[in-house]
> 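Before I ask anything, let me first share the structure, which is written out below as structure tokens.
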Amino acid sequence: GAIQAAIDAAQVAGGGRVYFPPGDYLIGSKPDVIAPGSPVEIEGSGRDTTTLTSASGVRVLLVQADHSIVSGLTFDAHTHGGGPALVVPASYVTVEHCRILGAVGGSWPLRFAGGHATASPLHPSYATGNTVDDLILHDYAPGRNDGFDFSFQQNASISNVQHIGSRLGLYVDRFVSVTNYSYTPEPTLTGGTYGYFITDPGYHITITNFTTSGQGGKIGVIPTGNPRAASSDITITGEKMTGGSAFQLFIGDVTNMVIENSVLGRVVVAPTDMTQCTIVKSAYAALSKQPSPGATVTVTIG
């Protein structure tokens with residue numbers, strides 16, 4: 001189509017900008033792709049005026065070229081039941097000032113997929129330097145999927161996000177920061193709707209000013225018999241759980257974790273191996289320890 005032709009022309013020219021004036025653009029039988037090679041900037045006139053809408057079952061945009069930029073657009077996979085709205089298996093990509101509307105029952109409406117489809121927690125492979133800023137996300141992914149999948153990312157950042165849906169999945173990440181994130185569970189979803197899910201092993205992850213009206217976060221547990229490492233160096237600052245004691249923050253296997261200046265609901269500590277956590281200058285409705293047999297728990301209250 002015309003959009004793909006414009007992207008291809010920009011890449012042939014060594015990189016360039018593809019601008020969308022105000023309007024609603026339909027993505028037909030296959031997604032538009034920024035193929036590996038020269039970076040392309042995809043720019044709309046603003047997320048309130050420019051929309052890329054996918055046909056049934058079709059992904060909207062696949063970004064495979066490092067250093068590309070996507071800004072000022074709404075990606076609508078919801079209206080016609082499309083596939084994932086935006087998928088980024090590349091590095092040093094910026095997504096900013098965008099809106100993502102996921103399909104009902106769809107998986108991963110926004111997916112940053114490092115690892116090149118070959119990585120695992122025991123054999124990680126990372127995308128580097130990706131940035132997301134000023135994002136509005138409303139997903140209808142199943143409750144045990146991630147509305148925002150941020151997998152195998154390093155030296156990356158997420159900031160200023162308003163998210164209604166399932167959860168932010170931080171899957172085997174390292175040196176990742178999340179700042180100013182507001183999460184509301186999608187009322188039609190059940191199960192697995194934690195605000196964020198840090199899958200072991202995550203390293204050097206900082207979450208600052210995370211507000212949730214549902215569950216807090218979940219730091220995963222190591223599956224029984226699995227040799228993967230626990231997460232480490234996790235810092236949660238300024239988390240606010242506004243739903244009260246009916247909702248929980250789940251802490252599994254983690255070392256050197258600090259929670260500070262936060263207002264939490266129930267805090268449940270339930271590792272299969274080890275939890276080492278310090279809670280400083282924070283309020284919580286209750287704290288319970290439910291370790292698996294043989295697991296150790298060290299929680300210091302400061």
Side-chain angles (χ1 to χ4, degrees), residues 121 146 150 157-161 163 166-185 191-224 226-302:
D146 303 325
F150 208 64
S157 67
I158 299 168
S159 56
N160 302 310
V161 176
H163 181 183
S166 52
R167 66 190 180 201
L168 165 65
L170 303 171
Y171 189 86
V172 195
D173 291 341
R174 62 186 187 184
F175 298 98
V176 167
S177 65
V178 179
T179 307
N180 297 335
Y181 200 109
S182 175
Y183 171 73
T184 302
T193 51
Y194 282 90
Y196 53 85
F197 195 137
I198 299 172
T199 302
D200 295 333
Y203 300 113
H204 296 276
I205 296 174
T206 302
I207 299 178
T208 305
N209 296 338
F210 191 99
T211 301
T212 170
S213 61
Q215 305 288 5
K218 181 175 183 178
I219 293 84
V221 297
I222 299 172
T224 302
N226 192 311
R228 74 171 67 172
S231 295
S232 67
D233 298 288
I234 310 296
T235 301
I236 311 295
T237 301
E239 178 164 343
K240 295 180 177 63
M241 295 175 60
T242 62
S245 61
F247 299 95
Q248 72 177 30
L249 171 67
F250 182 97
I251 303 174
D253 292 298
V254 61
T255 62
N256 196 27
M257 179 175 182
V258 176
I259 301 172
E260 56 188 2
N261 299 316
S262 296
V263 179
L264 309 172
R266 291 181 293 121
V267 178
V268 177
V269 183
T272 58
D273 182 38
M274 175 191 298
T275 295
Q276 182 188 64
C277 178
T278 300
I279 303 176
V280 181
K281 297 180 181 178
S282 298
Y284 48 86
L287 189 152
S288 62
K289 301 176 183 179
Q290 304 170 16
S292 298
T296 60
V297 173
T298 304
V299 177
T300 303
I301 309 297

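Please read all numbers here as calculations on a predicted model, not as lab measurements. Just so you know, residue 1 is the first one in the sequence shown, and it goes up from there.
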> Could you grab the distance from atom NZ of Lys218 to atom CD1 of Ile198, nearest 0.5 Å is fine?
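The CD1 atom of Ile198 is 12.0 Å from NZ of Lys218, to the nearest 0.5 Å.
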
> Do Ser262 and Met241 have side chains that approach each other closer than 4.5 Å (heavy atoms only, starting at C-beta)?
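Side-chain contact under 4.5 Å: no.
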
> Just to verify, what does Asn261 make a side chain to side chain donor-acceptor pair (under 3.5 Å) with, not counting sequence neighbours?
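For Asn261 there are no side chain to side chain donor-acceptor pair (under 3.5 Å) partners, ignoring immediate neighbours.
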
> Any side-chain heavy atom of Phe247 sitting closer than 4.5 Å to one from Thr193?
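The answer is no, as the side chains (C-beta and beyond) never meet within the 4.5 Å cut-off.
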
> Using the side chain to side chain contact (heavy atoms under 4.5 Å, CB included) rule, take Ile259 and Leu264 through it: C-alpha gap first, then chi angles, then the decisive distance, then the call.
CA-CA 10 Å; Ile259 301 172; Leu264 309 172; 4.1 Å; yes

> Within a strict 4.5 Å, meaning less than it, do heavy atoms of the Asp233 and Tyr203 side chains meet?
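The answer is no, as the side chains (C-beta and beyond) never meet within the 4.5 Å cut-off.
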
> From Asp253 CG over to Ile219 CD1, what is the distance, rounded to the nearest 0.5 angstrom?
10.5 Å

> List the residues meeting side-chain contact (heavy atoms from CB on, under 4.5 Å) with Thr255, not counting sequence neighbours, and say none if there are none.
Ser232, Met274, Gln276

> Can you check whether Val172 reaches Pro201 side chain to side chain, under 4.5 Å on heavy atoms?
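Yes; the side chains approach each other to less than 4.5 Å.
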
> With sequence neighbours left out, what residues match Gln215 under side chain to side chain donor-acceptor pair (under 3.5 Å)?
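Here no residue qualifies.
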
> Using a 3.5 Å distance criterion without hydrogens, assess whether the side chain of Thr272 forms a donor-acceptor pair with backbone atoms of Ile222.
yes

> Restricting to non-hydrogen atoms, name the atom on Lys289 and the atom on Pro291 that form the minimum distance, rounded to 0.1 Å.
C-CD, 3.4 Å

> How are the rings of Tyr196 and Phe210 set relative to one another: parallel (under 30°), tilted (30 to 60°) or perpendicular (over 60°)?
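Rings of Tyr196 and Phe210: perpendicular, over 60°.
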
> Under the side chain to side chain contact (heavy atoms under 4.5 Å, CB included) criterion, do Arg228 and Thr199 qualify, and how do the steps go?
CA-CA 11 Å; Arg228 74 171 67 172; Thr199 302; 3.8 Å; yes

> Find the distance between OG1 (Thr278) and CE (Met257) and round it off to the nearest 0.5 Å.
10.0 Å

> Classify the ring geometry between Phe175 and His204 as parallel (under 30°), tilted (30 to 60°) or perpendicular (over 60°).
parallel

> Please report the closest heavy-atom contact between Asp146 and Ser166, naming both atoms and the distance.
C-OG, 3.5 Å

> Say you draw a straight line from CG of Leu168 to OH of Tyr183; how long is it, rounded to the nearest 0.5 Å?
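It comes to 10.0 Å.
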
> Any chance you could lay out the side chain to side chain contact (heavy atoms under 4.5 Å, CB included) test for Asp173 and Phe150, step after step, and finish with the verdict?
CA-CA 8 Å; Asp173 291 341; Phe150 208 64; 3.8 Å; yes

> How long is the straight-line distance from OG1 of Thr212 back to CG of Leu249, given to the nearest 0.5 Å?
10.0 Å

> Indicate the atoms forming the closest heavy-atom contact of Val280 with Ser282, along with that distance.
O-OG, 2.8 Å

> Provide the closest heavy-atom pair for Glu239 versus Gly217 in the form atom of the first, atom of the second, distance.
OE2-N, 3.9 Å

> Could you check whether any side-chain heavy atom of Asn180 comes within less than 4.5 Å of a side-chain heavy atom of Ser159, counting everything from C-beta outward?
no

> Just how far is it from atom CD1 of Ile279 to atom CD1 of Ile251, taken to the nearest 0.5 Å?
5.5 Å

> Side-chain contact, heavy-atom cut-off 4.5 Å: Val267 with Val299?
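Side chain of Val267 against side chain of Val299, heavy atoms only: no contact under 4.5 Å found.
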
> Taking side chain as C-beta onward, heavy atoms only, is Glu260 less than 4.5 Å from Thr235?
yes

> With the side chain counted from C-beta on, respond yes when Val297 and Pro271 share a heavy-atom pair under 4.5 Å apart, and no when they do not.
yes

> Of all the heavy-atom pairs spanning Ser245 and Arg266, show the shortest one and how long it is.
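Scanning both residues, the minimum pair turns out to be O-NE, 3.0 Å.
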
